[in-house]
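Here the structure comes first, spelled out in structure tokens, and everything after it is commentary.
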Amino acid sequence: MTTDAATARYPHLFEPLDLGFTTLPNRVLMGSIHTGLEDRPKHVGRLAEFYAERARGGVGLIVTGGFAPNRTGWLLPLAGKMTNSREVERHRQITTAVHANGGRIALQILHAGRYGYHPFSATASKSKAPINPFRARAMSAREVARTVDDFARAAGLAREAGYDGVEIMGSEGYLINQFLSARVNRRDDAWGGTAAKRRRFATEIVRKTRAAVGDDFIVIYRMSLLDLVEQGQTWEDTVALAHEIEAAGATLINSGIGWHESRVPTIITSVPRAAFTEITGRLRREVSLPVVASNRINMPETAEAVLASGDADMISMARPFLADPDWVSKTAAGRTDEINTCIGCNQACLDHGFEHKTVSCLVNPRAAHETELILLPTRRAKRIAVVGAGPAGLAVATTAAERGHTVTLFEASDTIGGQFQLAQRIPGKEEFAETLRYFTRRLEVLGVEVRLKHEATATELREGGWDEIFVATGVTPREVNIPGSDRPNVHSYTDVLTGTVTVGRRVAVVGAGGIGFDICEFLTHAGPQGIPQPREEWMREWGVDHTVALPGGLVSPAGPTPPRQVYLLQRKTSRVGAGLAKTSGWVHRATLKARGVEFIPGASYERIDDDGLHIATDGAPRLLEVDDVVICAGQETRRGLYDELRAAGVPAHVIGGADVAAELDAKRAISQGTEAAVAL
């Protein structure tokens with residue numbers, strides 16, 4: 001139930017949306033997330049519970065992950081589809097679970113086109129996407145018409161399965177987007193050759209879908225408002241399409257930004273909040289049906305501001321509902337400080353998807369695992385000591401307390417967060433502070449006793465009478481053995497990030513893992529630290545023209561002048577940054593290259609002296625005349641306390657970085673802590 005205070009604070013967010021034949025209870029749409037559970041019939045129960053939990057959380061309308069209208073449209077071999085009565089029966093388990101929990105749900109119909117990861121994919125014209133090893137064949141005119149019918153048939157089957165609507169996926173560079181753009185559509189028949197003919201595929205799908213489902217069924221069209229690829233649509237093309245989609249019978253237009261092959265980031269944490277909503281507002285003024293804004297909207301204040309500005313009628317959020325299924329109900333109850341915020345890291349969601357793993361969430365490992373990580377109240381409350389308030393310690397402490405255990409959390413420093421305290425200092429990762437805010441509040445709500453500036457000893461723990469002890473003491477930076485590494489101008493990355501030292505205008509960064517890249521972004525950032533990059537500045541740096549004056553909305557990038565010359569070195573001869581995550585690594589590499597960072601692979605470190613850093617590459621000596629050297633050579637586990645306890649015969653669990661030192665691996669740390677508490 002929405003409180004009066006919440007209604008006053010978020011009047012637009014909680015205003016019902018009248019669609020004529022039905023009314024949605026609020027302006028929050030859970031956007032499509034392809035979890036991977038859609039693709040195997042045995043996982044339908046897990047998928048049903050995943051959506052049921054979000055329905056219980058109060059979201060106005062859920063959109064499923066993508067289901068293909070035919071086999072050619074599969075994302076992967078044997079991926080989820082909606083083509084027959086057997087599949088209808090399976091989907092009823094999903095719709096029944098959502099309706100039983102007071103929710104509404106629409107099936108997304110998605111044809112992958114040339115993004116299909118299989119050898120029989122097809123698209124408008126024979127072509128290969130740069131992100132896919134398979135080359136798609138060209139559809140015949142008869143196959144195009146048959147695919148239109150397949151979309152409509154899938155929508156009719158969705159209605160039989162109990163869905164409240166469908167979303168036709170016409171964005172992100174999938175098949176419909178491919179037909180709309182001269183980038184892929186080089187046809188000269190009735191389905192291509194002119195902008196009007198390229199639009200025909202989309203409008204025919206909507207028209208036939210409306211005819212198949214009747215007037216009292218939600219039909220959402222997911223439209224690309226900004227392609228961010230060469231030979232993309234112009235703004236005039238987009239407006240013309242919107243008018244045709246409206247006339248064809250769509251109920252809502254949901255905005256999409258960018259193709260998957262675009263070289264402009266659209267959803268990772270460095271993208272400013274609500275970066276693209278101004279474009280949604282422009283379209284909203286062109287049509288009379290409701291328009292939905294999306295991309296990097298993750299907190300109620302942002303969502304309310306977008307609605308209040310008139311830039312949208314509804315807000316679509318996908319990953320925020322991975323992070324917190326109760327986002328809406330917490331907001332309605334005036335508990336926004338308890339929202340587990342999506343930080344846009346991509347590590348357990350998009351990265352998992354591209355690795356063909358089940359999608360989940362770094363800050364909420366229960367996402368898509370609700371039937372496995374069940375938070376049952378404990379039958380016997382235990383006294384639990386947790387040593388270390390980094391991500392692993394915070395996860396085990398709060399999860400154990402939520403189950404009813406009595407938890408004391410020891411932390412040697414004066415604040416919680418561990419490595420997250422460093423991560424939030426990286427430009428573009430300011431959102432990480434939201435996770436610390438969430439855990440701080442969660443500890444308070446659950447009554448966890450927090451002892452800051454308290455370095456727990458083995459004797460203290462041995463004599464404390466604890467039922468369970470968790471050691472989450474984290475990591476320490478690994479030292480290097482380079483002649484001269486003890487000089488005063490050689491620093492650990494921790495000293496740089498905490499401001500303990502100030503470096504000069506020429507810097508060498510030793511170690512090109514995730515921390516090395518973070519340090520380079522920190523050192524080359526031209527703006528003030530701790531403040532998210534302004535939207536207009538971000539747009540200029542990435543070459544985005546939100547007026548879409550040119551096809552695709554791309555212009556020449558124009559970033560600020562970096563304050564330092566930085567060299568990023570690694571011993572490996574492989575490409576610098578090769579080990580970074582698939583969906584975000586390219587962003588970090590592109591950012592540093594644009595800022596003039598020189599990547600030096602295959603470096604042999606000779607010495608550091610008054611002249612700078614002496615190295616050799618391919619056997620040839622080279623001097624880097626730098627003022628400072630920053631060491632980012634990885635971490636070592638900090639597990640002395642655990643070893644002491646074991647030596648004394650005290651049972652203990654070791655988790656997080658103290659268990660395995662990795663590149664600030666908060667995903668594994670939070671997951672490990674959560675799983676350990678569930679297993680108690």
Side-chain angles (χ1 to χ4, degrees), residues 1-14 26-28 30 53-54 56-60 269 272-274 296-308 315 317-345 361-367 375 386 389-391 393-403 407 409 411 414-418 420-421 423-425 429-452 530-532 666 670 673-674 677:
M1 181 176 293
T2 308
T3 65
D4 292 341
T7 301
R9 188 174 182 183
Y10 308 108
H12 299 86
L13 198 61
F14 290 105
N26 55 57
R27 301 301 179 101
V28 183
M30 176 181 166
E53 189 160 310
R54 276 77 192 161
R56 285 193 292 274
V59 64
T269 186
R273 288 188 184 182
R296 286 290 289 127
I297 302 169
N298 61 355
M299 288 298 280
E301 291 77 12
T302 305
E304 175 67 23
V306 172
L307 294 170
I315 302 296
M317 295 179 291
R319 294 173 303 163
F321 286 103
L322 287 175
D324 197 329
D326 298 318
W327 193 99
V328 174
S329 60
K330 286 179 179 178
T331 304
R335 297 163 48 214
T336 56
D337 58 345
E338 295 181 42
I339 290 175
N340 195 2
T341 305
C342 168
I343 59 176
C345 68
C361 179
L362 180 145
V363 299
N364 176 28
R366 288 191 66 250
L375 299 181
V386 179
L394 292 168
V396 73
T398 54
T399 307
E402 186 172 354
R403 293 192 57 215
V407 182
L409 177 61
E411 170 54 45
D414 60 358
T415 186
I416 70 166
F420 255 47
Q421 285 288 345
Q424 68 175 337
R425 300 171 187 265
K429 290 188 176 181
E430 293 86 1
E431 291 281 18
F432 283 52
E434 294 284 4
T435 301
L436 299 184
R437 181 265 310 151
Y438 165 76
F439 273 120
T440 298
R441 180 59 178 146
R442 197 80 184 127
L443 294 170
E444 295 173 353
V445 170
L446 294 169
V448 175
E449 181 185 359
V450 181
R451 300 185 187 179
L452 298 177
I531 301 175
I670 294 175
T674 302

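FYI, side chains are in, hydrogens and waters are out, and symmetry mates aren't considered; it's all heavy atoms of this structure. In this chain, numbering begins with 1 at the start of the sequence shown.
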Taking only residues two or more places apart in sequence, or in another chain, which ones meet [X] in a side chain to side chain donor-acceptor pair (under 3.5 Å)?
X: Arg27; value: none
X: Glu53; value: Arg366
X: Arg441; value: Asp337, Glu444
X: Arg437; value: Thr341, Glu434

Taking atom [atom1] of [X] and atom [atom2] of [Y], what is their separation to the nearest 0.5 Å?
X: Asn364; Y: Arg319; atom1: CG; atom2: CZ; value: 14.0 Å
X: Arg54; Y: Phe321; atom1: CZ; atom2: CZ; value: 9.0 Å
X: Leu443; Y: Ile416; atom1: CG; atom2: CD1; value: 5.5 Å
X: Arg451; Y: Glu411; atom1: CZ; atom2: CD; value: 13.5 Å
X: Leu409; Y: Thr398; atom1: CG; atom2: OG1; value: 9.5 Å
X: Ile315; Y: Thr302; atom1: CD1; atom2: OG1; value: 9.0 Å

Name all residues meeting the side-chain contact (heavy atoms from CB on, under 4.5 Å) criterion together with [X]; count only those two or more places apart in sequence or in a different chain, and write none if there are none.
X: Pro300; answer: Tyr10, Leu13, Trp327, Thr331, Thr336, Ile339
X: Ala323; answer: Cys342, Cys361, Val363
X: Ala395; answer: Ile670, Thr674
X: Thr7; answer: Thr2

If you look at every heavy atom in [X] and [Y], which pair is closest and at what distance?
X: Ala400; Y: Val407; result: CB-CG2, 4.0 Å
X: Asp326; Y: Gly57; result: OD1-CA, 3.6 Å
X: Pro391; Y: Gly417; result: CD-O, 3.6 Å
X: Ala401; Y: Leu446; result: CB-CB, 3.9 Å
X: Ala423; Y: Phe432; result: CB-CD2, 3.6 Å

Inset, instruction - Please list, chain by chain and in numerical order, all residues satisfying ring pair (Phe, Tyr, Trp, His ring centres under 6.0 Å) with Phe439, sequence neighbours excluded. - result: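 Partners of Phe439 by the ring pair (Phe, Tyr, Trp, His ring centres under 6.0 Å) criterion come out as none, since no residue qualifies.
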Inset, instruction - Check whether any side-chain N or O of Asn26 sits under 3.5 Å from a backbone N or O of Gly58 as a donor-acceptor pair, and report yes or no. - result: yes
Legend entry - Side-chain donor or acceptor of Arg403 paired with backbone N/O of Thr399 under 3.5 Å: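 No; zero donor-acceptor contacts below 3.5 Å.
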Inset, instruction - Under the salt bridge (Lys or Arg N to Asp or Glu O under 4.0 Å) rule, collect the residues that match up with Glu431, sequence neighbours excluded. - result: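 Arg273, Arg296.
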Inset, instruction - Only counting residues at least two apart or in another chain, list the ones meeting salt bridge (Lys or Arg N to Asp or Glu O under 4.0 Å) with Arg442. - result: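 For Arg442, the residues satisfying salt bridge (Lys or Arg N to Asp or Glu O under 4.0 Å) (neighbours in sequence not counted) are Glu402.
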Legend entry - Heavy-atom side-chain contact between Met317 and Asn298 under 4.5 Å: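 Side-chain contact under 4.5 Å: no.
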